[in-house]
There are 4 protein chains.
Amino acid sequence: MVNEEKNLPTTSKSAVLQEVFDLEIKDTPIKKMKPTDVMIKIMAVGICGSDVHYYDTGRIGNFVLDGPLILGHESSGQIVAVGDEVNDFKVGDRVAIEPGVPCGRCEYCRTGRYHLCPDMQFMATPPIDGDLTQYITYPADFVYPIPDDMSYEVGTLSEPFSVSVHAAQKLDIQPGKTVFISGAGPVGLLTIFAAKAFNAGDIIISDVEESRLEMAKKLGASHTINVKEKDVKEEVSSFTDGHGVDYALEASGNNSAESDALLTLKPGGKIAYIGMPTHDTAPLDISFMTSNEPQIFGIFRYANTYPLAIKILHDNMEQANRLLTDFYSLDEVTDAFERTRTAKSDSLKVIIYPNEKLRDE
Amino acid sequence: MVNEEKNLPTTSKSAVLQEVFDLEIKDTPIKKMKPTDVMIKIMAVGICGSDVHYYDTGRIGNFVLDGPLILGHESSGQIVAVGDEVNDFKVGDRVAIEPGVPCGRCEYCRTGRYHLCPDMQFMATPPIDGDLTQYITYPADFVYPIPDDMSYEVGTLSEPFSVSVHAAQKLDIQPGKTVFISGAGPVGLLTIFAAKAFNAGDIIISDVEESRLEMAKKLGASHTINVKEKDVKEEVSSFTDGHGVDYALEASGNNSAESDALLTLKPGGKIAYIGMPTHDTAPLDISFMTSNEPQIFGIFRYANTYPLAIKILHDNMEQANRLLTDFYSLDEVTDAFERTRTAKSDSLKVIIYPNEKLRDE
Amino acid sequence: MVNEEKNLPTTSKSAVLQEVFDLEIKDTPIKKMKPTDVMIKIMAVGICGSDVHYYDTGRIGNFVLDGPLILGHESSGQIVAVGDEVNDFKVGDRVAIEPGVPCGRCEYCRTGRYHLCPDMQFMATPPIDGDLTQYITYPADFVYPIPDDMSYEVGTLSEPFSVSVHAAQKLDIQPGKTVFISGAGPVGLLTIFAAKAFNAGDIIISDVEESRLEMAKKLGASHTINVKEKDVKEEVSSFTDGHGVDYALEASGNNSAESDALLTLKPGGKIAYIGMPTHDTAPLDISFMTSNEPQIFGIFRYANTYPLAIKILHDNMEQANRLLTDFYSLDEVTDAFERTRTAKSDSLKVIIYPNEKLRDE
Amino acid sequence: MVNEEKNLPTTSKSAVLQEVFDLEIKDTPIKKMKPTDVMIKIMAVGICGSDVHYYDTGRIGNFVLDGPLILGHESSGQIVAVGDEVNDFKVGDRVAIEPGVPCGRCEYCRTGRYHLCPDMQFMATPPIDGDLTQYITYPADFVYPIPDDMSYEVGTLSEPFSVSVHAAQKLDIQPGKTVFISGAGPVGLLTIFAAKAFNAGDIIISDVEESRLEMAKKLGASHTINVKEKDVKEEVSSFTDGHGVDYALEASGNNSAESDALLTLKPGGKIAYIGMPTHDTAPLDISFMTSNEPQIFGIFRYANTYPLAIKILHDNMEQANRLLTDFYSLDEVTDAFERTRTAKSDSLKVIIYPNEKLRDE
């Protein structure tokens, strides 16, 4: 199918990271549609910590920026064209976009763990372009409808929230059990929704910023711990009558938080590490591990989470909206990244509009 | 039931740790039998690393020697009396003894995880006496028959081997999958039997002692790595065509081995930490965890493993016998402990006979 | 501890099933308290279908009435005395009572499946007496606090509701997935609460009585099927866009419902049979099983469910209250059984008060 | 890639079922190779009960023969050409062929359950042709190397054996546990290898043919039951000291065997139904289910089993060879089907050679 034949756009205005700290708006070509693709007008893109990492350091672990890269992978949009073999979508549909496309054929794909596919094509991970751009063509299999009453901005949250959902599924959170969330940044706060969706009992959350802890309370946390003032392990122990929690989720990436979160578990408890770590290693208490038998889950992205993530966000739509704090047009992309990079207590999630700016505040 | 009435012994010659480095042979009282107890003549006791820890340092973690303590918890023996409510045993039966008795009533006991019972009475853990003694009374529920053709000495291995079995069950080792064992001391070597019992494919094992690696080969290891000469991660990667292993078991307790073992896993792999750690914390690679999604299991003792452990040992009896290297009478207990404490390459498992010395070499 | 010494009652007025259709109120002795027991004043007892079975047929399966039997096992009460070794309760506490006490020692008990214990002592199952009586002594381990704002009547529901919770745990109901409940009697209706507590998506329920289906709607069902008018399989298929449901729970015990419920599942779906069957066998579709790969769970009672069951009932207290329809004093016990036995559309759960009658309608 | 350009065959001699009882040898076109395909010279094909069903009745359940169909789906062969994007194979490789190719994109494929894919293309299931033919082109992703010392004939067993492996994985057979296999036809006998590979303890097997039970003994069964002489439930109960088995696998498809097999389970046991049922429904004991809490697994084909199935067959190669009893050339295909259809006690697995006849007896 030739895009031109359908009067579809062939180029798109994109935010391209040329090199560290150099974001430029450029016209870039749009991929030709395959019969199993849809074309999407991107309506909103959230900025992720990983986008900022490429922006200000040029690398994340083994992934190194070695040429111009379109950033962005937390996105929602509207279908503007539909491939001949696509049955599930029509023009005008409002959708969220899962930013990774696996090979579908390897051992990992065939056993339901496609997020571990070694040939994964994941947006805004060099050399794969992201979607901080006006239009993309994309496999319909990794596009999901969002409800009419869900804003595009909340729709973008389905990506970072998928990490929380995946972690909650791995931990197998059971109704009524206690959860500790370490870190109240966007992912930590979204994790509150996941814990509530699995009907957890008490939800304890920690951070260094009081304003984020106040937000956590509004979103449903039972108890907050300011780690500048209190010892996490003692506070959790005290709040749980000395038992410790059933589940912990470390969402800060902070080194001492990574060590401490493990110690909040009751014997036989489980912990998931979901925060992007600031250091490669963390000192974990092996004596605790060999005398309390915790289960520890490293968490990498997600698989098969989008429909559930969208449903839970829909159930928490008003509260999810509170996480959106800053709004920029595509031309203001550098401002948006600087805001994300430097803001602390008064900013949570920054949204960029590649097309119409839908919201100012 | 009064022991005297049945002409049963009321005192027993025991190896009592009076204080650090001071083991004495003393007559100690034998507990009165309850209707659900059996009395056992202890035929063989293996020395465990934890026994040696109390012997030479007086503590393990939070457990501190604060009075005389009978050591020993890896044991087998013969039934000499049977309580009125015990149906499964008769006088003369040959048995292995599970050294921990849980409360049977708490949340952990009622959910099948009795090893995590906070009121566990575990032998040779202060202040609970061990069974390096001639006779004990003991709940029949934690005593297990061993086959007629299994020696008492091999029977004692059911205790340390239970840790391997428990770890293999937690890892859920599947037929044909690859296993890496870090450390070829007694527990590491016994773990080979567990991996084989779950029909693992290739079994790779590492150690610093060449003689132990040679033993590992004889017991069924496919490939050995001398960590004094080779890099563990590279060797495992090379042996597995760059994939990494499905499962790892860290049995050395060595700090750098604890860090390295994690890195041998393929994406989505699982690791169990079973070795008593030499340091409280180990630097674990959190970046690896959040990009490869391993599952990590701390392992603490075992639950519901004895019948299977005894069956597997029986299936590997000749090879299990190779692990038994040194034999002492009860009067030679200090020699036995010094041998365990100082021996390296030429000693694996040291056995003490509280009653008749059954074997010299 | 001798009851008399503490001025505790030694006899209790009980509803004794002498033989089929012959319920008498008699004074029966109260068991002496052990140090791990509590004494409970029974405040409310719900009548279960199994109680009625013994009342009108004298047997359930292999269990046969062969002497006088106190009926009743869905109960709540107030603590009036506490054994010396009991730390978790004090006089005056309001509690629900788990009516089965397992041996705590067998293979089943030690692996967390105590409901399968062959030596289970379960109330109102010959020859074990139930608690349709004024006072009982009971092991504190199987007694659970209920919130101050939960009525005793709702507290009795923790027993039948435990079956629903156990089934939901076995099915491992995941958030957002669809559930079909076959049968809208008390257990089927309670199962709605379980499905909601596991955050299921659409909940479809069937029955022959329109009034029960209307109640189901009020309790949270998304869609109802009157099986006198509609074909269950077709209706479920139509409501789920031809997919079938993720989970089914058969709660009617009706033979054709047992057959049909299986067929509502999507490929790979799961079904739990929780209803007391009216016939020993049911024709299940083996061709469907070997071409759609469902998982089928027989459900027998429950284990480790009470704290969660009480919490969920508390979360649904107002709606749970709707299930309580008829109230009798102990002297009216025969009326209560006749009401349960004969009522159809206008009665759900019948409550008997062994002590004060707390409620009239 | 055009087959002609590579001097590859474009037509192939095939066994085509024209209508019921009418098998003809005809030249049929070979599909053009895609870059991800291989071309395979088929060396051996086993006849399955489903092939015979289409041959003598023209249908299996909803699948109806409505045009000429090439039969056969248990096969092995040699690679004769390799697509440009295929890296894992080279010309001359010896392989087994998984006969179903799923869509790779649907909910089932993406969660690791591709055997439930609604768009599955499965050989010899109308209207998809089988591979009782000389050459096929096939996606390399569903082709697996077999060891040099494994015969092509044993290689064909990887298909029916995959059902046993899949069932053993679903049942999660644990070392040392007891297994009952109902039916000692080819699938029942192969299931012995699966039980052994999971290191089951005692393996009990039943059949009506003494010769098959003798074969079962040779392959590793501990105990056999001739159901013409003995009651299955009683025999299993007696052999297991009244406990029942941990796992059962029903492989006969016989109606009363389907009912009986369930009753051999101990409380909490698990059963898999893997035999093609002779009737649509079977009377299953619901009272047993709601008082013993078995788990019941319908089994449909398999997913992700081939590498393990081939490994286990390799470990049991000599014994697997015993299952191969009759050998035919392609021209003798009608004789082969008549033999399969009518033989009872003296025939197990019938092999057809589409190319050279490799073996006479």
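For the numbers below, each heavy atom of this structure counts, side chains included, while hydrogens, waters and symmetry mates do not. Below, chain A is the first sequence line, B the second, and so on; all start at residue 1.
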task: Find the distance between CG (Leu262(B)) and OG1 (Thr281(A)) and round it off to the nearest 0.5 Å.
output: 11.0 Å

query: Is the count of non-hydrogen atoms from other residues, nucleotides or ligands lying under 6.0 Å from Phe142(B) atom CZ greater than 12?
result: yes

- prompt: Roughly how far, to the nearest 0.5 Å, is the CG atom of Leu284(A) from the CD1 atom of Ile286(B)?
  reply: 5.0 Å

query: chain B: which of His279(A), Lys266(A), Lys270(A) shares the most heavy-atom pairs with it under 4.5 Å?
result: Lys266(A)

Nearest-0.5 Å distance that lies between atom OG1 in Thr290(A) and atom CZ in Phe297(B): 15.5 Å

query: With a cut-off of 6.0 Å (strictly less than), are more than 12 heavy atoms of other residues, nucleotides or ligands near NZ of Lys177(B)?
result: no

task: Check whether Gln295(A) gets within reach of chain B through its side chain, its backbone, both or neither, counting any heavy atom under 4.5 Å.
output: both

field: Region of His166(B) in contact with chain A, defined by heavy-atom distances below 4.5 Å
entry: side chain

query: Rounded to the nearest 0.5 Å, how far apart are CD1 of Ile299(A) and CE of Met289(B)?
result: 9.0 Å

message: Strictly below 4.0 Å, N to O, side chains only: are Glu293(B) and Arg301(A) in salt-bridge contact?
response: no

- prompt: Of all heavy-atom pairs between Pro267(A) and Leu116(B), which one has the smallest distance, and what is that distance?
  reply: C-CD1, 4.0 Å

message: What's the separation between atom OG in Ser287(B) and atom CZ in Phe300(A), rounded to the nearest 0.5 Å?
response: 11.5 Å

field: Asn62(B) versus chain A, the contacting section by heavy-atom distance below 4.5 Å
entry: neither

- request: For chain A, find which of Glu258(B), Arg113(B), Met276(B) contributes the most heavy-atom pairs closer than 4.5 angstrom.
  value: Glu258(B)

